[in-house]
Every structure is written in C-alpha cells, then in structure tokens.
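Hydrogens, waters and symmetry mates play no part in the numbers below; they use all other heavy atoms, side chains included.
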Amino acid sequence: MAAQDAERADPATDGPEVALQPGQRLARGVCRYLLSMGFASIEEFVPERGLRVDVMALGPKGELWVVECKSSRADFQGDAKWQGYLEWCDRYFWAVDVDFPTELLPQDTGLIIADAYDAEVVRMGPEQKVAPARRKKMIQKFAMDVARRLQRLRDPRPGRDGALLMAMGDTEAGSH
C-alpha cells in the first residue's frame, strides 16, 4: 500500500508527505469523506480522561459521530475500550480497509470502508442521541480542542513557552 500511496501522492493537494501509520491513513480517508458530507472532524479526540477516539465528527445539524479505525484483526481484537465510546456519540462506526474481515465487527455498529484518500459508509450506525447537556459539553470541547490545535500549528511555542511573559514581569503567565 505504501507504493500505492506514493504513486497517488500529489504534493499540490496532499501537502508534505509524512509517514503515516495504517490507522492514520484510514483516519485521513475517513476525515476527507466526512468533510465531503459537511462534517468537521478531529483525530485522536479525548471525550474524557482515559478515552481517546480515533475520529470525532461534528455534523452540520450538531450530530456527533465516533469512528474507530482498525487496520488489522489484531488491532480490532486488542481494543477493549470501544464500548465506552458509545455514550459520547449519536452514531458509532468502525473504519477498515477493503481487505479487513468485516464479519468480526459487531453488526449493531456502523461500518466505513476507507483508504488513505477516501471512504464510504457501508452500514449506517444506529442512532442513539446523546443527552442535551452532554452534547453541549462535547461540542464545546470539540471547538476548544480544534482551536488549540490550530493555534499550535500557527504558533507552536507561544511566548517561548511562557518565558517571554515571565521576562515582562507577569508572574501569572497565561492569566490574561
């Protein structure tokens, strides 16, 4: 697949090439697909301490989807936390490549077939609405996490890790 990725890579549209792990390639394809459906997505999102979902997506009507990317049978079988993600989303999906043995995946969850460049929903996950208070909390956390990541891209070391603020006499750096 690495040869296929290099063959399909277009620096003008794909940006700088970085070595992605198989699950990261699936996540990229899933995020591209979700964007085409009007969803914003974030990878490696932490809904609460101890949980980290591969992809959290926020839909145009406020819907919350979780997508777990599994690159192999062992990757799926080693995942003991996935059921803990169900209470944080309206729909739950697995994303796997075309060669994955999909019969291993629970039938009462969604299924997305993906590669590094695109994806497609094969089975829609059943809808179980998140409670309004949790939805509000999740949308706010989603927005804050995305904004912080964007800021870090633009300014990876703001104030030289606070040293600039401390030099100016601010003993409570970051309190503004």
Side-chain angles (χ1 to χ4, degrees), residues 5-6 8-71 75 79 81-82 84-95 110 112 114-119 121 125 129-176:
D5 286 351
R8 292 176 69 177
D10 178 359
T13 58
D14 289 339
E17 282 302 308
V18 288
L20 297 177
Q21 298 297 316
Q24 293 171 317
R25 287 195 297 268
L26 290 173
R28 182 176 74 177
V30 165
C31 290
R32 287 179 174 186
Y33 171 74
L34 291 170
L35 183 62
S36 75
M37 293 179 48
F39 283 75
S41 57
I42 183 172
E43 294 179 41
E44 298 187 14
F45 180 77
V46 178
E48 76 170 355
R49 182 170 294 217
L51 296 178
R52 183 199 51 78
V53 302
D54 292 333
V55 176
M56 174 65 82
L58 176 60
K61 296 178 182 173
E63 57 267 50
L64 295 167
W65 289 6
V66 166
V67 182
E68 278 299 294
C69 301
K70 296 300 170 194
S71 59
D75 186 17
D79 187 341
K81 293 184 179 181
W82 74 269
Y85 303 152
L86 299 176
E87 65 188 276
W88 300 98
C89 60
D90 298 313
R91 294 185 193 270
Y92 181 88
F93 296 85
W94 299 102
I112 297 173
D115 63 18
Y117 298 93
D118 203 3
V121 172
K129 291 277 191 186
V130 172
R134 178 166 284 181
R135 178 178 312 285
K136 180 180 177 186
K137 178 181 174 183
M138 292 302 296
I139 290 173
Q140 182 177 10
K141 184 170 184 351
F142 184 98
M144 294 294 289
D145 284 7
V146 169
R148 286 185 185 116
R149 289 183 190 189
L150 185 58
Q151 183 177 3
R152 277 196 309 265
L153 282 175
R154 180 85 166 144
D155 189 3
R157 293 186 62 209
R160 295 186 321 218
D161 300 329
L164 184 61
L165 296 174
M166 296 301 270
M168 294 171 37
D170 185 356
T171 58
E172 294 181 26
S175 65
H176 299 289

Aromatic contact between Tyr92 and Trp65, with the criterion being ring centroids under 6.0 Å apart: yes or no? no
With side chain to side chain contact (heavy atoms under 4.5 Å, CB included) as the test, would you mind laying out the steps for Trp94 and Asp79 before giving the verdict? CA-CA 12 Å; Trp94 299 102; Asp79 187 341; 4.1 Å; yes
Please tabulate, for side-chain N and O atoms in residues 42-61, each donor-acceptor pair with protein atoms closer than 3.5 Å (sequence neighbours left out).
| from | atom 1 | to | atom 2 | distance (Å) |
| --- | --- | --- | --- | --- |
| Arg52 | NH1 | Asp54 | OD1 | 3.1 |
| Asp54 | OD2 | Cys69 | N | 2.8 |

Using 4.0 Å as the upper bound for N to carboxylate O, is an ion pair formed by Arg134 and Glu87? yes
Using a strict cut-off of less than 4.0 Å between a Lys/Arg side-chain nitrogen and an Asp/Glu carboxylate oxygen, indicate whether Lys70 and Asp75 qualify as a salt bridge. yes
Could you check Tyr33 against Phe39 for side chain to side chain contact (heavy atoms under 4.5 Å, CB included), going step by step and ending with a plain yes or no? CA-CA 9 Å; Tyr33 171 74; Phe39 283 75; over 6 Å; no
Above 12 or not: heavy atoms from other molecules or residues under 6.0 Å from NZ of Lys137? no
Quick check: do Arg28 and Arg32 have side-chain heavy atoms less than 4.5 Å from each other? yes
Which value, rounded to the nearest 0.5 Å, describes the distance between Cys89 atom SG and Arg135 atom CZ? 10.0 Å
What distance do Asp90 atom CG and Met138 atom CE have between them, rounded to the nearest 0.5 Å? 10.0 Å
Applying side chain to side chain contact (heavy atoms under 4.5 Å, CB included) between Phe93 and each of Val121, Val66, Val30, report the one that passes. Val121
Looking only at heavy atoms, what is the nearest atom pair of [X] and [Y], with distance?
X: Gly23; Y: Ser71; value: N-CB, 4.0 Å
X: Ala95; Y: Val67; value: CB-CG1, 3.6 Å
X: Ile112; Y: Ala119; value: CG2-CB, 3.6 Å
X: Leu34; Y: Ser41; value: CD1-CB, 4.3 Å

Hits for side-chain contact (heavy atoms from CB on, under 4.5 Å) against Arg148, two or more places apart or cross-chain, chain-then-number order -> Met144, Asp145, Arg152
